[in-house]
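Here the structure comes first, spelled out in structure tokens, and everything after it is commentary.
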Amino acid sequence: MEINRIQVYKVALPIDDGPYRWSGGNEVHSFDSTIVRVGTTDGLCGIGEICPLGASYLPSFAEGARAGIEKLAPALIGCDPTLISVLGSQMDDLLKGHPYVKSALDMALWDIIGKAVQMPLVTLLGGRYGDAVDLYRAISQGSADSMAEQVRKYRRIGYRRFQIKVGGDPDTDIERIHAVADVLDNGDVLIADANTGWLPHQAVRVIKAVRNLDLYIEQPCETYENCLSVRRKTDFPFILDESIVDISSLLRAMSDDAMDMVNLKIGRLGGISKTRLLRDICVSSGVAVTIEDSWGSDVVTSAVAHLAHSTPAHARFTASDFNSYTSLSTAIGAPVRIEGTMVAPNGFGLGIELIEDNLGSACLDVN
Ligand code: MG
């Protein structure tokens with residue numbers, strides 16, 4: 001079997017709840033996603049997706065994803081798609097860094113392997129742990145009252161884990177955290193995610209002001225060193241997200257006891273292969289994980305579901321169902337949220353089929 005065609009689609013994902021806001025004044029009305037379809041001489045095709053959270057969140061952007069795939073695609077034509085590590089090394093040799101570019105291609109190769117051996121990806125990754133995966137709901141930054149109202153709304157439809165976007169003015173963030181905590185019940189989980197937005201002195205002020213509450217603190221500051229400084233001044237359970245970009249950053253953070261938990265974003269790490277590696281190191285070290293991505297539609301959500309469902313339940317904190325934030329479906333067969341949980345699809349590979357009418361025509365077609 002050889003790869004004989006790579007098609008790339010640019011897809012706009014509207015956000016159902018209106019603009020999505022997070023630290024640093026970032027505001028996005030519609031996410032620019034990139035979906036790839038990798039065809040083979042056997043007639044199988046693999047699907048992948050990468051959707052950066054705008055251009056100012058991480059060192060990644062939608063146009064860069066497409067330019068990078070255009071650079072890599074010709075070298076993949078004629079290759080055996082099942083040699084996934086070999087092709088990963090080949091992509092790393094051809095294009096230094098840019099893990100997000102390779103993420104969609106790696107995802108598509110896993111999809112092909114699953115279809116070739118007629119197994120769902122979750123089985124290839126070792127099997128399902130438990131019946132379902134608990135989801136979190138990200139609450140866009142807004143007034144304290146509006147964020148509390150959003151949490152009420154999503155509690156009513158089954159979510160019990162809420163990641164509220166803070167990382168703004170500390171006094172406003174203190175109000176936001178108290179307002180949301182007021183509408184939660186026993187058993188609910190509250191995560192205050194600053195998305196790198198605070199300086200250490202601001203983070204410490206917020207943490208002192210909410211010290212009587214039950215919550216997690218996530219990625220308070222931009223630099224790892226500043227996060228570590230805050231970590232050492234608080235006894236709240238602590239999550240690192242943006243600072244963990246590869247094996248060496250993870251091992252350093254473990255050595256420093258810099259966190260209790262890590263958020264693993266498939267695109268930031270470079271695909272399913274690399275995310276699985278970091279996931280397994282975390283699990284074997286007692287560091288719980290959230291499995292997610294920067295953003296995405298049905299394709300990313302399916303990949304998240306397979307990785308999350310194959311994560312031992314005791315170390316699986318939560319996962320994201322980004323396909324429920326947008327009204328645009330890109331594939332059939334993707335996970336559908338049930339009472340704040342989802343399950344990995346049963347179909348082969350990612351277990352999904354693209355809805356071509358919703359993708360438009362390919363913006364790149366290499367064969
Ligand atoms: Mg985060």
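Keep in mind that the numbers below use all heavy atoms, side chains included, and drop hydrogens, waters and symmetry copies. Along the sequence shown, residues carry numbers from 1.
- Under a 4.0 Å N-O distance rule, the pair D17/K153 qualifies as a salt bridge.
- For T341 and D134, the side-chain atoms include no donor-acceptor pair closer than 3.5 Å.
- There is a side-chain donor-acceptor pair under 3.5 Å between R37 and Y9.
- In summary, D32 and R66 engage in a salt bridge, as defined by a charged side-chain N under 4.0 Å from a carboxylate O.
- Classification of the Y216-F317 ring pair by plane angle, with boundaries at 30° and 60°, yields tilted.
- For the 3.5 Å distance criterion, the side chains of D246 and S249 qualify, holding a donor opposite an acceptor.
- A donor-acceptor pair shorter than 3.5 Å can be found between the side chains of Y159 and R337.
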Review point. Stepwise, does the salt bridge (Lys or Arg N to Asp or Glu O under 4.0 Å) test hold for K96 with D92?
Key: CA-CA 6 Å; K96 290 285 180 202; D92 285 341; over 6 Å; no
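- Here the side chain of E49 pairs no donor or acceptor atom with the backbone of V36 at under 3.5 angstrom.
- Counted by atom type alone, N263 and E218 present one or more donor-acceptor pairs between their side chains at under 3.5 Å.
- Not a single side-chain hydrogen bond (donor to acceptor under 3.5 Å, both in side chains) links S89 to another residue, sequence neighbours left out.
- In the model, Q141 has no side-chain atom that pairs as donor or acceptor with a side-chain atom of Y20 under 3.5 Å.
- Salt bridge status for R252 with E225: present, with a side-chain N to carboxylate O gap under 4.0 Å.
- Using a 3.5 Å distance cut-off with no hydrogens or angles, the side chains of R279 and S310 do pair a donor with an acceptor.
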Taking it one step at a time, do R268 and D293 satisfy salt bridge (Lys or Arg N to Asp or Glu O under 4.0 Å)? CA-CA 7 Å; R268 186 181 69 227; D293 211 328; over 6 Å; no
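- The side-chain contact (heavy atoms from CB on, under 4.5 Å) with R5 is formed by just one residue from the set V366, D365, T40, V38; it is D365.
- A salt bridge does not link R160 to D185: none of the charged side-chain nitrogens sits closer than 4.0 Å to a carboxylate oxygen.
- A donor-acceptor pair shorter than 3.5 Å can be found between the side chains of D321 and S324.
- Residues S56 and N26 bring a donor and an acceptor atom of their side chains to less than 3.5 Å of each other.
- Proximity of D193 to I164: side-chain heavy atoms (C-beta onward) are nowhere separated by under 4.5 Å.
- For the pair R137 and F162, the NZ or CZ position fails the cation-pi test of under 6.0 Å to the six-membered ring centre and within 45 degrees of the ring normal.
- Taking 4.5 Å as the limit, every side-chain heavy atom of V343 sits out of range of all side-chain heavy atoms of D131.
- With hydrogens and angles left out, the side-chain atoms of S273 and W110 include a donor and acceptor closer than 3.5 Å.
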